[in-house]
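One-based numbering along the sequence shown. Note that ligands are numbered from 1 as they come in the structure, with each ligand's atoms numbered from 1 the same way.
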Amino acid sequence: MPQIIDGKAIAAEVREGVAKDVAALIASHGLKPGLAVVLVGEDPASKVYVKNKGEQTVAAGMNSWEHKLPATATEAEILAIVQKLNNDPAVHGILVQLPLPKHVNAERVLNTIDPNKDVDGFHPVNVGRLWIGERTLVPCTPTGSVILAKKAAPSLAGMNAVVVGRSNIVGKPVAALLLKENCTVTIAHSRTRNLHDVVKGADLLIAAVGIPEMVRGDWVKPGAIVIDVGINRVPSANGKTKLVGDCNYDECAKVAGAITPVPGGVGPMTIACLLQNTVEAAKMQKGIK
Ligand code: GUN
C-alpha cells in the first residue's frame, strides 16, 4: 500500500499556521491582513470557491471582501475595481476569480493587479521573480503540490521530477518550485513523444494536464511520489458525475510509493496557500521578514 497523502488534513495544518501568523502580526504590528476577491458572473463552481475563500479567510482571523459583478460587467468596470483595491491600504491581497466572461480580456485584468497584492502569483513581475529566485507571491496550487510532495519525502533534492502539463497556473510555476528544491525537472505535455516512457522515469510525478485518468499504472515508476493536480468531472455508473484526477488512482496506487487522492489531495491545499500568500503579501508591503 502506498502512503496516501491526506491533503485535507495537511491543508488544515497550513490554515492553523496561518491563523497563528495572523494573530502574531496583529499583536506585533497591529497589522490585520485582508483579502479582496472579485467575482464576475454566475459560474457555479466559481461561486463555491469564492464562498469557501471568504469563510476560510475570516476563520484565519483576516479581513475578507467580496466584489460581485454581473456577467455583463464591462472590462472598464472590472479594471476600475481592481485599481480601487490597488489603492486601498487595508487590502493586502487581490484575487480576480477565473474564468472571466469572454468579452473581458483576462490578461489585461490580471496585469492591472498590483504585483505586491497579486496573491495568485499570475502577474508577469511575480512570474519573473519566481524564476530568478526572488521573494515573491507564488501561485497557490503549485505551492500546495510541493508541500504535499515534501510530506512524502522531506528532501526532493536530486529527484527526477516530471511535470505533465505546461499551464501558466500550474505546470510552469510548479517546475520553477521543483527546480528550487534541487530536482531535475522535465516539463512534458500532450505533444511529448512517448509520454509514458518520460513519466516512467519520474521519481516525482506532478500530473496537471486536465485529461481524466490519463496516467495509467504501468506509466508509474515503482515507489514514485504521485501528485495528482487534476480535478475532472466525469459520468459515473449511477448516472451522476464523479471527480477523478489526471491519474487512474486504483492502478497508480498499486505502484506508487505515495499518492494524493482526488478529491482530498491537492484541491484543499489551494485555498490554504492563498491564505498564506495573503499574510506574505501583507508582510512584504510593510517590509516585515
Ligand atoms: N479559478 C480556478 N482556480 C483559480 C485560481 O487558482 N485563481 C483564480 N484567480 N481563479 C481560479
Side-chain angles (χ1 to χ4, degrees), residues 7 11 14-15 18 34-57 64-69 71 73 75 78-79 81-82 85-86 91-102 104-127 130 136-148 163 165-174 176-177 206-210 227-233 243 245-246 262-263 265-278 280-281:
V14 171
R15 289 199 305 271
V18 170
L35 172 65
V37 174
V38 179
L39 173 65
V40 186
E42 302 289 331
D43 180 72
S46 291
K47 281 164 102 169
V48 174
Y49 285 141
V50 168
K51 183 168 167 279
N52 289 341
K53 277 172 198 160
E55 285 171 3
Q56 293 184 27
T57 305
S64 166
W65 301 273
E66 279 173 25
H67 294 266
K68 292 187 177 159
L69 289 99
E75 189 176 305
I78 300 167
L79 290 176
I81 288 187
V82 169
L85 297 171
N86 281 346
V91 174
H92 304 97
I94 302 170
L95 181 141
V96 177
Q97 183 67 27
L98 300 175
L100 285 168
K102 286 200 175 59
V104 177
N105 182 331
E107 191 177 299
R108 200 175 296 142
V109 173
L110 297 181
N111 291 0
T112 301
I113 298 173
D114 178 343
N116 293 321
K117 295 189 176 186
D118 167 35
V119 283
D120 261 327
F122 294 163
H123 193 287
V125 166
N126 288 325
V127 176
L130 172 63
T136 188
L137 297 167
V138 179
C140 303
T141 302
T143 303
S145 301
V146 173
I147 292 173
L148 295 185
V163 179
R166 51 178 157 177
S167 70
N168 292 333
I169 295 180
V170 183
K172 288 175 195 167
V174 83
L177 288 178
I206 310 277
V209 70
I227 307 293
D228 191 346
V229 183
I231 300 180
N232 309 290
R233 199 168 278 284
L243 290 182
D246 292 349
V262 177
V266 176
M269 294 299 290
T270 301
I271 298 181
C273 293
L274 175 72
L275 304 181
Q276 225 173 26
N277 270 357
T278 305
E280 176 68 356

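A side chain to side chain contact (heavy atoms under 4.5 Å, CB included) with Val96 is found for one member of Thr112, Val109, Asp118 and no other, namely Val109.
Under the 3.5 Å distance criterion, with hydrogens and angles disregarded, no donor-acceptor pair is assigned to the side chains of Gln97 and Lys47.
The option with the heavy atom closest to atom 7 (N) of ligand 1, from among Leu100, Thr270, Ile271, Asp120, is Asp120.
Asn126 contributes no side-chain N or O that, together with a main-chain N or O of Thr136, makes up a donor-acceptor pair within less than 3.5 Å.
The neighbour count for Glu55 CD, taken as heavy atoms of other residues, nucleotides or ligands under 6.0 Å away, is above 12. Heavy atoms from other residues, nucleotides or ligands lying under 6.0 Å from OH of Tyr49 number 12 at most.
Every N/O-N/O distance between Pro99 and ligand 1 stays at or above 3.5 Å. For ligand 1, the polar-atom distance check against Gln97 finds a nitrogen or oxygen pair separated by under 3.5 Å.
Listed by atom number, the atoms of ligand 1 under 4.0 Å from Leu95 heavy atoms are 9 (N). Near Val96, the atoms of ligand 1 lying under 4.0 angstrom from a non-hydrogen atom of the residue are 8 (C), 9 (N).
Distance from atom 10 (N) of ligand 1 to its nearest protein heavy atom, with residue and atom name: Leu98 N, 3.0 Å.
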